[in-house]
Amino acid sequence: MLQVSYIRDNREQVLERLAVKNFKQTELVDKVISLDDQRRQTQNRLDNISAEANSAAKQIGELMRNGKKEEAEGIKAKTGAWKEEIKQLGEQLSQLEQELQQKLVLLPNLPHSSVPKGLTPEDNEVVLEHGETPALPANALPHWELAAKYNLIDFELGVKITGAGFPVYKGKGAKLQRALINFFLAEAEKAGYDERALPLLVNEASGFGTGQLPDKEGQMYYVGLDNLYLIPTAEVPITNLYRDVILKGEELPVMNCGYTPCFRREAGSYGAHVRGLNRLHQFDKVEIVQVVHPDKSYETLEEMSKHVQGLLQKLGLPYRVLRLCGGDMGFASALTYDMETWSAAQQRWLEVSSVSNFETFQSNRLKLRFRNAEGKTQLAHTLNGSALALPRIVATLLENNQTENGIKIPEVLVPYTGFDMIS
RNA sequence: GGAGAGAUGGCAGAGUGGUCGAUUGCGGCGGUCUUGAAAACCGUUGACUGUUAAAGGUCCGGGGGUUCGAAUCCCUCUCUCUCCGCCA
């Protein structure tokens with residue numbers, strides 16, 4: 001959520017930046033400003049009358065105590081008019097505040113100045129490519145066939161238990177999952193992230209804090225009986241740990257990581273591009289989150305991107321880094337890097353991580369502040385990234401590392417899997 | 001699922017109609033003392049809004065009501081805790 005004071009002071013710039021994000025409802029900006037004007041005016045009138053009423057009430061109290069009942073009655077008679085007006089202004093005020101809030105949550109975050117213009121994934125900027133595309137044997141298979149051939153994943157069993165998009169991992173397939181999770185967590189810990197094990201169901205306030213609610217509830221599974229949502233990413237519970245918190249300056253940066261399953265409804269997706277592990281309703285992911293000083297957040301974003309790239313390098317996967325264009329970015333993000341690995345058998349790039357700086361967009365919703373050098377409270381910046389999401393990593397690992405004799409496990413994983421070959 | 005209790009400042013915990021944004025303790029910060037530290041003592045210490053700065057306004061779980069005046073009385077919702085039951 002953008003800060004109203006910022007919108008007021010930087011109207012032109014806000015409109016310009018929203019255009020980069022391809023945001024059309026620019027009239028909302030002026031609507032917000034005019035609603036805020038009305039809000040301020042009403043607040044001001046209410047404050048003045050309240051001040052009068054307060055002092056009258058005090059006087060009455062004083063007079064009563066001194067036994068001057070008649071004088072007190074005299075003042076009492078004058079208070080009736082205020083009462084009605086205070087009530088009316090109060091109602092107006094909360095009405096205006098509500099309307100303002102409703103408009104405000106519709107505005108996406110402003111993109112950073114380095115964000116390229118553009119509408120579709122084609123307009124994303126390739127920042128770098130790393131690693132060689134592996135040469136596969138002539139009879140190379142896509143991962144879903146490899147998974148069946150080596151008995152690693154059973155998609156049909158998942159359908160029986162739950163439905164499409166909920167695979168069952170078996171044997172070495174299951175072990176590989178566990179190994180990847182442990183490897184990612186160990187790497188995150190080495191990089192300074194403190195692990196959290198988290199609730200997988202969150203309440204409405206948490207959904208609002210990170211920007212999933214309102215408006216994107218269709219992407220989450222909802223447990224209506226208890227009014228809770230299954231998390232689409234660990235970002236939600238981790239970042240919300242700091243909701244309504246004022247951190248000490250020296251507590252920054254906060255660095256947390258966590259492994260969770262993630263649940264996404266992905267309504268309406270179907271077809272070949274979602275086959276196998278390419279897109280699931282439930283998948284495993286290790287997430288990294290940082291809460292940092294506003295001066296440091298872009299430095300931090302680069303550092304987080306480097307961390308994710310380090311993981312891909314250690315796994316020996318060819319990858320590229322994209323700077324997302326305005327049209328392809330998330331609602332809450334100011335700058336996002338996507339990391340994609342090359343899936344050799346499918347001959348396509350698969351997104352395995354997304355690292356974003358939200359600046360104050362989330363912290364404003366979360367009321368996540370820190371005490372700055374002047375001792376005043378200030379909104380902190382929040383960032384997060386996948387480090388990493390498992391299914392597409394598994395897909396590329398299987399495809400890229402297939403040989404005549406089976407699938408080779410990257411050396412760094414062997415201590416975690418206990419085997420170096422799937423055959 | 002049944003019964004009961006409760007929700008107040010970073011924490012603990014007073015406050016049952018007026019001078020209460022709120023006693024006190026702990027914690028935090030600053031100081032005195034000390035070679036240094038601890039102890040002791042003194043001072044200070046909520047958030048939001050508003051303003052050049054002030055003044056002023058709002059906030060004692062959320063919403064509504066009574067009253068000139070509500071942390072305090074009434075209604076309602078939500079949440080938490082304890083005991084019993086069930087259970088990993």
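Labels below follow one simple rule: chain letters A, B, ... track the order of the sequence lines, proteins then strands, and each chain is numbered from 1. Because the structure is a prediction, the values reported are computed rather than measured.
- Where A:R369 and A:E91 each meet RNA chain B at their nearest nucleotide, the meeting point lying more 5' is that of A:R369.
- Shown here, B:C59 forms a base pair with B:G46; the pair counts as Watson-Crick or G-U wobble because both key distances fall under 3.5 Å.
- Out of B:C68, B:G57, B:G50, the shortest distance to the side chain of A:K83 is found at B:C68.
- As rounded to the nearest Å, B:U51 and B:G15 have C1' atoms that lie 34 Å from one another.
- Of the listed nucleotides (B:C68, B:C48, B:G57), B:G57 has the atom at the smallest distance from the side chain of A:S50.
- RNA chain B is contacted by both A:S55 and A:R371; A:R371 maps to the nucleotide lying nearer its 5′ end (nearest heavy atom per residue).
- Residue A:K248 is classed as having no contact, given no heavy-atom separation below 4.0 Å to the nucleic acid.
- Nucleotide B:A3 forms a pair with B:U82, judged by Watson-Crick or G-U wobble geometry with both contacts under 3.5 Å.
- Separation of the C1' atoms belonging to B:G6 and B:A14 is 16 Å when rounded to the nearest angstrom.
- The separation of B:A71 from B:G57, taken at their P atoms, amounts to 14 Å, rounded to a whole angstrom.
- Using the Watson-Crick or G-U wobble rule with both distances under 3.5 Å, B:A40 pairs with B:U32.
- Contact annotation for A:N54: backbone-only contact, meaning every heavy-atom pair under 4.0 Å involves sugar-phosphate atoms and none involves a base.
- Between atom CG of residue A:L301 and atom CG of residue A:N357 there is a gap of 5.5 Å, rounded to the nearest 0.5 Å.
- Taking a pair to require two hydrogen-bonding distances under 3.5 Å in either a Watson-Crick or a G-U wobble arrangement, B:G10 pairs with B:C26.
- Comparing B:C87 with B:C73, their P atoms sit 42 Å apart, to the nearest whole Å.
- Only the P atoms considered, B:U8 is 16 Å distant from B:G63, to the nearest whole Å.
- Between A:D36 and A:R39 there is a salt bridge, since a side-chain N of the basic residue sits under 4.0 Å from a carboxylate O of the acidic one.
- The side chain of A:A51 sits closest to B:G56 out of B:A47, B:U51, B:G56.
- Counting non-hydrogen atoms of neighbouring residues, nucleotides and ligands closer than 6.0 angstrom, the CD atom of A:Q313 exceeds 12 such neighbours.
- For B:G46 and B:C11, the C1' atoms lie 13 Å apart once the distance is rounded to whole Å.
- Remark: A:E204 CD is loosely packed, at most 12 non-hydrogen atoms of other residues, nucleotides or ligands lying under 6.0 Å away.
- We find that A:K285 and A:E287 are joined by a salt bridge, their nearest charged nitrogen and carboxylate oxygen being less than 4.0 Å apart.
- Candidate nucleotides B:A47, B:G65, B:G50 were compared by shortest atom distance to the side chain of A:T377, and B:A47 ranks first.
- When heavy atoms are screened at a 4.0 angstrom cut-off, A:R45 is found touching no nucleic acid atom at all.
- Residue A:I60 is in base contact, counting any heavy-atom pair closer than 4.0 Å across all strands shown.
- Among the nucleotides B:G57, B:G65, B:A47, the one closest to the side chain of A:K87 is B:G65.
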